[in-house]
Amino acid sequence: MDIKDIIKPENLVYTKTKNMTDKVLSYCPGCGHGTAHNITMEVLEDMGITHNTIGVAPVGCSVLAYEFMNIDMQQAAHGRAPAVATGIKRVWPEKYVFTYQGDGDLAAIGGNETLHACNRGENIVIIFVNNGIYGMTGGQMAPTTLQGMQTSTSPYGREIETMGSPLKMTELIAQLPGVHFVTRQAVHTPGAVRKAKKAIRKAFEIQKEKKGLAFVEIVSNCNSGWKMTPVESNIWMVDNMFPYFPMGDIKVDGKLVK
Amino acid sequence: MAKVRGAIVVDVEKCKGCGVCIPVCPTDVILLAKDVNSKGYTYCYMENPEACIACTNCAIVCPDGVISVYKIKVAG
Ligand SMILES: Cc1ncc(C[n+]2csc(CCOP(=O)(O)OP(=O)(O)O)c2C)c(N)n1
Ligand code: SF4
Ligand code: SF4
């Protein structure tokens with residue numbers, strides 16, 4: 001059988017969602033941001049809410065998310081995405097509203113905004129891409145940087161006595177009553193991608209049912225910041241990030257499960 | 001029994017040669033080319049096209065969404 005007989009439009013089983021634009025992603029080769037974008041946009045397509053959703057882009061490598069996500073988007077000042085999303089959702093309660101933020105954006109400069117939006121139980125979805133480093137600015141230490149991890153601002157490794165412990169933002173906000181669903185996922189394998197997509201779907205369903213805030217952390221790689229090849233960085237992530245940031249649901253139906 | 005045959009099409013100009021699609025292929029279909037695209041990235045191609053089972057694993061882990069997957073059933 002000739003390959004040409006297989007490659008025909010009627011035999012297509014997977015291609016990039018039309019909810020992503022045709023622009024070349026500005027991310028480094030192998031960066032999990034692209035996969036996180038793809039599945040978020042697939043969920044909107046699957047739910048038929050593409051034209052009814054507004055995303056809020058952060059500051060960080062995903063600052064240009066609005067160039068890649070083919071939906072209505074607003075870009076927020078560093079760390080302020082949950083506040084901007086609050087405003088949009090309150091003015092336009094019938095729209096689906098989500099933020100997409102890195103760990104520097106969400107847990108460092110935006111720690112306050114995140115905590116209070118979660119505590120108010122805003123009816124939004126927060127997608128939190130945790131790669132344990134400031135990717136965009138050249139690999140500085142983030143609140144989520146692991147103990148002993150070398151970054152450009154912790155060249156001898158993160159020292160707990162002077163720099164504190166890696167912040168588990170997701171466990172922290174899970175304690176707040178306004179938060180309905182909290183989960184931690186990854187996108188490095190096909191199985192992980194499928195699970196993460198299901199979790200994002202659940203988060204948007206919760207918004208549909210007006211049950212409160214849904215928070216999806218995606219533990220991801222920053223191969224450039226970590227100074228590894230993409231494939232090595234995914235292995236390093238499993239060996240080093242997952243023990244400290246374990247996979248799975250943390251809060252379901254408003255109840256802590258972990 | 002019907003057998004499945006698959007094939008992938010890689011958007012070579014948008015592939016960044018990251019290689020994350022290679023270890024997730026259960027039948028070792030994909031390799032990186034020796035050649036580069038106009039951006040200077042090596043890119044993926046089907047080294048063993050007859051082994052593709054259209055599982056879509058490669059396509060869903062590709063951060064750049066550059067893989068499309070096709071599938072047919074063949075008698076045999
Ligand atoms: C008010 C302000 N302070 C600092 C910066 C510099 N800055 C840009 S991106 C960034 C950190 C981004 O890291 P993260 O949120 O982890 O995203 P990543 O790039 O890793 O995806 C910083 C500190 C800025 N743009 N604006
Ligand atoms: S610097 Fe890190 S987070 Fe940013 S695009 Fe590159 S790999 Fe991704
Ligand atoms: S995962 Fe995508 S971008 Fe990376 S090498 Fe494979 S086809 Fe190219």
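Below, chain A is the first sequence line, B the second, and so on; all start at residue 1.
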K.L.:
Indicate yes or no: at least one non-hydrogen side-chain atom of B:Lys16 is less than 4.5 angstrom from one of A:Leu25.
P.N.:
yes
K.L.:
Answer with side chain, backbone, both or neither: which region of A:Asp22 has an atom nearer than 4.5 Å to a non-hydrogen atom of chain B?
P.N.:
both
K.L.:
Any heavy-atom pair between the side chains of A:Glu10 and B:Ile72 that's under 4.5 Å?
P.N.:
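The answer is no; the side chains never approach within 4.5 Å.
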K.L.:
Against chain B, work out which of A:Asn38, A:Val187, A:Val13 has the most heavy-atom pairs shorter than 4.5 Å and name it.
P.N.:
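Counting heavy-atom pairs under 4.5 Å, the top option is A:Val13.
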K.L.:
Any idea which heavy atoms bring B:Tyr70 and A:Ile6 closest together, and the distance?
P.N.:
CB-O, 3.5 Å
K.L.:
Picking from B:Val66, B:Ile22, B:Asp64, B:Ile67, which has the most non-hydrogen pairs under 4.5 angstrom with chain A?
P.N.:
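Option with the greatest count: B:Asp64.
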K.L.:
Between OG1 of A:Thr15 and CD1 of B:Ile8, what distance do you get to the nearest 0.5 Å?
P.N.:
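A:Thr15 atom OG1 to B:Ile8 atom CD1 measures 12.0 Å (nearest 0.5 Å).
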K.L.:
Could you look at B:Val20 and say if it's the side chain, the backbone, both or neither that has a heavy atom under 4.5 Å from chain A?
P.N.:
both
K.L.:
Give, for atom NZ of A:Lys197 and atom CD1 of B:Ile60, the distance between the pair rounded to the nearest 0.5 Å.
P.N.:
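Rounded to the nearest 0.5 Å, the NZ-CD1 separation comes out at 8.5 Å.
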K.L.:
Heavy-atom distances under 4.5 Å only: say whether B:Cys55 touches chain A with side chain, backbone, both or neither.
P.N.:
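B:Cys55 touches chain A through backbone heavy atoms alone.
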K.L.:
CZ of B:Arg5 to CG of A:Asp5: how many Å apart, nearest 0.5 Å?
P.N.:
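B:Arg5 atom CZ to A:Asp5 atom CG measures 9.5 Å (nearest 0.5 Å).
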K.L.:
Heavy-atom distance under 4.5 Å between the side chains of B:Pro63 and A:Tyr27, does that happen here?
P.N.:
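A side-chain contact is absent here, since even the closest heavy-atom pair is not under 4.5 Å.
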K.L.:
What is the minimum heavy-atom distance between A:Pro190 and B:Val24, and which atoms define it?
P.N.:
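So the minimum-distance heavy-atom pair works out to CD-CG1, 3.6 Å.
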K.L.:
Please round to the nearest 0.5 Å and tell me the distance separating atom SG of B:Cys18 and atom CG of A:Asn223.
P.N.:
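If we round to the nearest 0.5 Å, B:Cys18:SG and A:Asn223:CG are 8.0 Å apart.
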K.L.:
Chain B heavy atoms under 4.5 Å from A:Lys8: which part of the residue, side chain, backbone, both or neither?
P.N.:
backbone
K.L.:
Does B:Lys71 have more than 12 heavy atoms from other residues, nucleotides or ligands lying within 6.0 Å of its NZ?
P.N.:
no
K.L.:
How many angstroms lie between CZ in A:Arg194 and CG in B:Asn57, if you round to the nearest 0.5 Å?
P.N.:
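A:Arg194 CZ to B:Asn57 CG: 5.5 Å, rounded to 0.5 Å.
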K.L.:
Evaluate whether atom NZ of A:Lys195 has more than 12 neighbouring non-hydrogen atoms of other residues, nucleotides or ligands under 6.0 angstrom away.
P.N.:
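Atom NZ in A:Lys195 is not packed in, count stays at 12 or less.
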K.L.:
What part of B:Cys52 is in contact with chain A, defined as an atom under 4.5 angstrom from a non-hydrogen atom: side chain, backbone, both or neither?
P.N.:
neither
K.L.:
Which bit of A:His33 comes within less than 4.5 Å of chain B, counting heavy atoms only: side chain, backbone, both or neither?
P.N.:
neither
K.L.:
For B:Pro49 versus A:Ile3, what's the shortest heavy-atom pair and its separation?
P.N.:
CB-CD1, 3.7 Å
